[in-house]
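Have a look at the structure below before the remarks.
Because the structure is predicted, anything quoted here is derived from the model rather than measured. Proteins come first, then strands; the chains are lettered A, B, ... in the order of their sequence lines, and each starts at number 1.
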Number of protein chains: 2
Amino acid sequence: MGQTVETARELKHVVVREHVRNLVQGAAPGTPAPSERELVSQFGVARMTVRQALDALVVEGLLERMPGRGTFVARPRRTHTPVASFTESVARRGQVAETVTLLARREQAGPGVARALEVAAGSPVIHWRRLRRAGGEAICIQDVYLAPDVLPGVLDSVMPESLYEALCRRGLRPTWSEDSIRADLATDEERDLLDIGADSPAPVLRVSRRALHGERVVEVSRSAYRSDRHTLYLQLGPSS
Amino acid sequence: MGQTVETARELKHVVVREHVRNLVQGAAPGTPAPSERELVSQFGVARMTVRQALDALVVEGLLERMPGRGTFVARPRRTHTPVASFTESVARRGQVAETVTLLARREQAGPGVARALEVAAGSPVIHWRRLRRAGGEAICIQDVYLAPDVLPGVLDSVMPESLYEALCRRGLRPTWSEDSIRADLATDEERDLLDIGADSPAPVLRVSRRALHGERVVEVSRSAYRSDRHTLYLQLGPSS
DNA sequence: CAGTGGTCTAGACCACAGT
DNA sequence: CTGTGGTCTAGACCACTGG
């Protein structure tokens, strides 16, 4: 009794691992974790079992071992930029993203979109064009192309505010993205939508993204950012 | 004979690990590795020792375990964009990078450069301005700022072709970079250096980079890319 | 010194693959 | 069935750290 319903099936090293994870959860970096021998006697398991549990947490980056001293809560390691959505990258700047859907309909995939989505040319795809704002200012025009089965029935209801949130709910949050980035001048249509005056030349940042969940292409998009209102930030680590 | 000079000091799990690594080096994905028990009898060690060796290779992404089947050479996992130098990213496109040094001298760090380099304002820094070409065409103007102790004596000899190669030789290859990217219009000086005609507005991609080796800032740079001749490519994975 | 993590042994039983 | 990896035990000695 008492214990979790599934206790019977729990592996010992998992029990120890999760116990330690809870102890360590939110603790300040440098806080000592229980020593290996301490856990051995607490759980009545072999030391190798405890080490297996701690090894997992070390690989996760939660713990650090210091030979001769002990095991401690690791200081958070630097992490490279994850695949971020517009909503998220705006939130990171402390602003709230707003979205105006300009267009949302079925279309036949053109050759470029079809190749990127890995579907046959002419296949039905969903084309979703949005004007994206932050802090009340127009930031970006974004054309998203989706395979119809990625978000079935989207067109029949209210379009979601955040594409990535919708994908997340379907268990399809992008885990991988391939982006290309270049500078260009805004077209007349873009100038109009982005509230750019007609007098001066307007550079924009064009970002093409192909986002995948595992091996599945979930998003193909092209965005044009007003360069005076948006800078892309990247953190990159080694390829390893 | 034959064996490595330092064999005496080698840990057993390291010996096994490197043995397997050599076996597996360059093998096709899916190729089976020796079974654990096979290695046990080959090396006369305990199975836990063999597992420790293989675990390391699994974490490295070199091997994959398939319960009930065996251990196999893993198919190369997708890897996000590493911190790349101009030379490397041009090479990735199948071209050769050329460099013309426009300026290389000591300067006093301005406030922005000083902050980025984590030195006191007014400290001596090395300012290195280069015109970068690929395929015979001007691509980019790059201003690099270096702390004097990062590449001591660079100014007194021939400037290296590739900054990252020089850093690599000093054991200071960037392992981390923080970049910001935006679109802008070329200045008159940039138009001149980049062979851009004076008639049409010329969008450029401005990339500011702060590159670190571990915790040490090794490079601070600002680059302006001709957008019609250069597109940035990125592959991003989850933050994990 | 006592305590820590790092390494290592020589077994064991299990679930699962393929034959 | 046999062979594989996954889990686990109950010890052991080492090098290192700190007091």
Q: Provide, to the nearest angstrom, the distance between the CZ atom belonging to F43(B) and the C1' atom belonging to dT9(C).
A: 17 Å

Q) Salt bridge check: are D143(A) and R222(A) linked by an N-O gap of less than 4.0 Å? A) no

Q.
Looking at R210(B) and E118(B), is any side-chain nitrogen of the basic one under 4.0 Å from a carboxylate oxygen of the acidic one?
A. yes

Q | Minimum-distance nucleotide (side-chain atoms of H13(B) versus dT7(C), dG5(C), dG5(D)) | A | dT7(C)

**Q.** Closest-nucleotide 5' rank along DNA chain C - winner of T49(B) and R37(B)
**A.** T49(B)

**Q.** Salt-bridge contact E36(A)-R65(A) (side-chain N to carboxylate O under 4.0 Å)
**A.** yes

**Q.** Under-4.0 Å salt bridge between R216(A) and D149(A)
**A.** yes

Q: Between P67(A) and A46(A), just flag the one whose closest nucleotide in DNA chain D comes earlier from the 5' side.
A: A46(A)

(Q) Using whole Å, what does the distance between atom P of nucleotide dA15(C) and atom CZ of R69(B) come to? (A) 21 Å

Q) Under 4.0 Å between a side-chain N/O of T71(A) and OP1 or OP2 of dG5(C), yes or no? A) yes

**Q.** Distance in angstrom units between M48(A) CE and dT9(D) P, rounded
**A.** 11 Å

Q: Rounded off to whole Å, could you give me the CD-to-P distance for the E64(B) and dT4(D) pair?
A: 18 Å

(Q) Any side-chain to backbone donor/acceptor pair from H213(A) onto R173(A)? Under 3.5 Å, distance only. (A) yes

Q. If pairing requires Watson-Crick or G-U wobble contacts with both distances under 3.5 Å, which nucleotide is the partner of dA17(C)?
A. none

Q: Figure out the CZ/P separation between R47(A) and dA12(D), and round it to whole Å.
A: 13 Å

Q. Rounding to a whole Å, what distance do you find between E38(B):CD and dT4(D):C1'?
A. 11 Å

Q | Side chain of Q52(B) (C-beta onward), nearest among dT7(C), dA17(C), dG5(C) | A | dT7(C)

Q. Within this structure, what is the CG-to-P distance between L39(B) and dC8(C), rounded to whole angstrom?
A. 14 Å

Q: Report the nucleotide, chosen from dG5(D), dC8(D), dC8(C), that has the shortest atom-to-atom distance to any side-chain atom of R51(B).
A: dG5(D)

Q: Can you figure out which of dT7(C), dG18(D), dG5(C) approaches the side chain of L11(B) most closely?
A: dT7(C)

Q: Tell me which nucleotide among dG5(D), dT9(D), dG6(C) gets nearest to the side chain of R65(B).
A: dG5(D)

Q) Over how many whole Å does the gap from E36(A) atom CD to dT7(C) atom C1' extend? A) 11 Å

